[in-house]
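Here the structure is laid out as structure tokens; the discussion comes afterwards.
In what follows, chains are A, B, ... by sequence order, proteins preceding strands, each numbered from 1. All values below come from the heavy atoms of this structure, side chains included, with hydrogens, waters and symmetry mates left out.
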Number of protein chains: 2
Amino acid sequence: MNISTKTEYAVRALSELALNSADKPISINDICKNRNLPVKYVEQLFRKLKQNGLIKSIRGAKGGYQLALKVNNISLKDIMEAVDENYVAPFCNGKPENNVHCIGLPCGFKELWDEIKKHMEKYFDSIKLDQIVARL
Amino acid sequence: MNISTKTEYAVRALSELALNSADKPISINDICKNRNLPVKYVEQLFRKLKQNGLIKSIRGAKGGYQLALKVNNISLKDIMEAVDENYVAPFCNGKPENNVHCIGLPCGFKELWDEIKKHMEKYFDSIKLDQIVARL
DNA sequence: GCCAATTCATACTAATTTAATATGTTATCC
DNA sequence: GGATAACATATTAAATTAGTATGAATTGGC
């Protein structure tokens, strides 16, 4: 139960976008230079963020990335979901193959983990990028 | 960001204690037989749970474990904290050696992670063992 | 048209963490 | 004194995560 490096890097990089890409796109290279992040790793994260519609890209020289949505419309949940897909993944997901510990027993744990998951998603969804950036 | 196996196992095993150890202690062997958990692994978890004052033990034959506190006085947070110490551990903890990404920059991220951590702790602390057991 | 800058894509390696096992000691009941 | 069970530590195995390497496709500017 912790914030993954993926999430942390994504938040850092997206903050850079939020602050500096309003008029012209900013390249991963510049972002990583500014924020001291590993270029190739961030590239991977950005591909996922793009697939999830959080950012848009311009290819070729002078290209780079910009936010695809308003800063107040991108939540920490969106970021985590994009970059770290099962960011809330309890062990028992109710599927028999993952539930070897409850053989022959009624398993009341799935419900619990589901509830926790729902709570967390709601909470992370309430934290928006603009609030994050406002504090920097 | 997920519920670790450690936490899951601990909750399962403690549920067994909550249900079946009121009058006489129950051994790890029995718990693990009932709940299909790896004995030696659970032993390790129980040592930590004991160190943290959540359970008490009776050594020797006919020995075993019992809860050291009321079921409504043991929270999911207590369990996680005991068994999975940094169960909420964001990457940037404000210490310089973990904060290489903010060299020369004011780092506003620590605050954010701290706030998240506080929220989670409060939430997990609100979930007590009796509520968990009541659902099984 | 070509070169540099840049995104896009995949494969691979390294490091770290987590899960699980192995071995053995100590205490206690019968 | 033997069986049972907690206690303790070390080791191995598996899985995940972080990071690197390589290279193709796209585009702007000279």
Side-chain angles (χ1 to χ4, degrees), chain A residues 1-10 12-13 17 21 24-33 35-52 54-66 68 80 83-92 98 100-101, chain B residues 1-10 12-13 17 21 24-33 35-52 54-66 68 80 83-92 98 100-101:
Chain A
M1 178 69 52
N2 49 29
I3 306 285
S4 69
T5 305
K6 279 175 199 169
T7 296
E8 169 119 11
Y9 286 5
R12 285 175 188 273
L17 281 197
S21 75
K24 56 172 191 294
I26 177 168
S27 74
I28 288 183
N29 248 301
D30 286 350
I31 292 169
C32 290
K33 218 173 290 164
R35 295 276 168 186
N36 205 41
L37 300 170
V39 175
K40 284 292 175 186
Y41 198 49
V42 171
E43 262 187 26
Q44 290 175 50
L45 301 178
F46 268 37
R47 217 161 318 124
K48 289 185 189 169
L49 291 168
K50 195 192 167 189
Q51 278 161 18
N52 282 261
L54 303 188
I55 57 178
K56 58 190 176 188
S57 67
I58 296 167
R59 303 190 64 171
K62 303 279 167 185
Y65 292 90
Q66 289 176 304
M80 289 174 129
V83 129
D84 206 10
E85 41 276 318
N86 329 1
Y87 69 102
V88 188
F91 188 74
C92 172
N98 277 312
V100 288
H101 302 295
Chain B
M1 178 68 53
N2 49 30
I3 306 285
S4 70
T5 304
K6 279 175 198 166
T7 297
E8 169 118 12
Y9 286 5
R12 285 176 189 273
L17 281 197
S21 75
K24 56 171 193 290
I26 176 169
S27 72
I28 288 184
N29 247 301
D30 287 349
I31 292 168
C32 290
K33 219 174 288 166
R35 294 276 168 185
N36 207 42
L37 300 170
V39 176
K40 285 293 177 186
Y41 197 51
V42 171
E43 262 188 26
Q44 290 175 52
L45 302 178
F46 267 38
R47 216 161 318 125
K48 289 186 188 167
L49 291 169
K50 195 192 166 186
Q51 278 162 18
N52 281 261
L54 303 188
I55 57 179
K56 57 188 173 187
S57 67
I58 296 170
R59 302 190 63 169
K62 301 281 166 181
Y65 291 90
Q66 290 176 303
M80 289 171 130
V83 127
D84 207 9
E85 41 277 316
N86 328 2
Y87 70 101
V88 188
F91 188 74
C92 172
N98 277 313
V100 288
H101 302 295

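Separating the NZ atom of K48(A) from the P atom of dT7(C) is a distance of 18 Å, rounded to the nearest angstrom. One interatomic measurement links the two molecules: CG of L45(A) to C1' of dT7(C), which rounds to 15 Å at whole-angstrom precision. With rounding to whole Å, K40(B) atom NZ is found 18 Å from dA13(D) atom P. Atom CG of N29(A) is separated from atom P of dT7(C) by 7 Å (rounded to the nearest Å). Taking atom CG on L37(A) and atom P on dT17(D), their separation rounds to 19 Å, with Å as the unit. Rounded to whole Å, atom C1' of dT9(D) lies 13 Å from atom CD of Q51(B). Between the CZ atom of R47(B) and the C1' atom of dA10(D) there is a distance of 12 Å, given to the nearest Å. Note: CD (E43(B)) to C1' (dA22(C)) measures 11 Å, nearest angstrom.
Between D84(A) and K6(A) the shortest heavy-atom distance is OD1-CD, 3.9 Å. In terms of heavy atoms, K56(A) sits closest to A68(A) at N-CB, 4.0 Å. Pairing each heavy atom of I55(B) with each of K50(B), the nearest pair is O-CG, 3.5 Å. Closest of all the heavy-atom pairs between S21(B) and Y65(B) is CB-O, 3.7 Å.
Ranking dC30(C), dG19(D), dC8(C) by closeness to the P38(A) side chain, first place goes to dG19(D). For K62(A), the side-chain atoms get nearest to dG28(D) when compared with the rest of dC29(C), dG28(D), dG23(D). Of the candidate nucleotides dT20(D), dT7(C), dC7(D), dT7(C) has the atom lying nearest to any side-chain atom of S57(A). Closest to the R59(A) side chain, of the nucleotides dG28(D), dT26(D), dA21(D), is dT26(D). Of the candidate nucleotides dA18(D), dT9(D), dT7(C), dA18(D) has the atom lying nearest to any side-chain atom of Y41(A). Closest to the side chain of Q44(A), out of dC8(C), dA5(C), dT20(D), is dT20(D).
In this model, the phosphate group of dC7(D) is approached by a side-chain N or O of K50(B) to a distance below 4.0 Å at OP1 or OP2. Of the side-chain N and O atoms in T5(A), one or more sit less than 4.0 angstrom from OP1 or OP2 of dA18(D). When the side-chain nitrogen and oxygen atoms of Y9(A) are compared with OP1 and OP2 of dG19(D), one or more of them lie within a distance under 4.0 Å.
Residue whose closest nucleotide on DNA chain D sits further toward the 5' end, between I58(A) and V39(A): V39(A).
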*asked:* For L37(A) and Y41(A): C-alpha separation, side-chain torsions, deciding distance, then whether side-chain contact (heavy atoms from CB on, under 4.5 Å) applies.
replied: CA-CA 8 Å; L37(A) 300 170; Y41(A) 198 49; over 6 Å; no

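No hydrogens or angles were tested; on distance alone, nothing pairs the side chain of K6(A) with the base of dT16(D) as donor and acceptor under 3.5 Å.
Using a 4.0 Å heavy-atom distance criterion, Y65(A) is classed as a sugar-phosphate-only contact.
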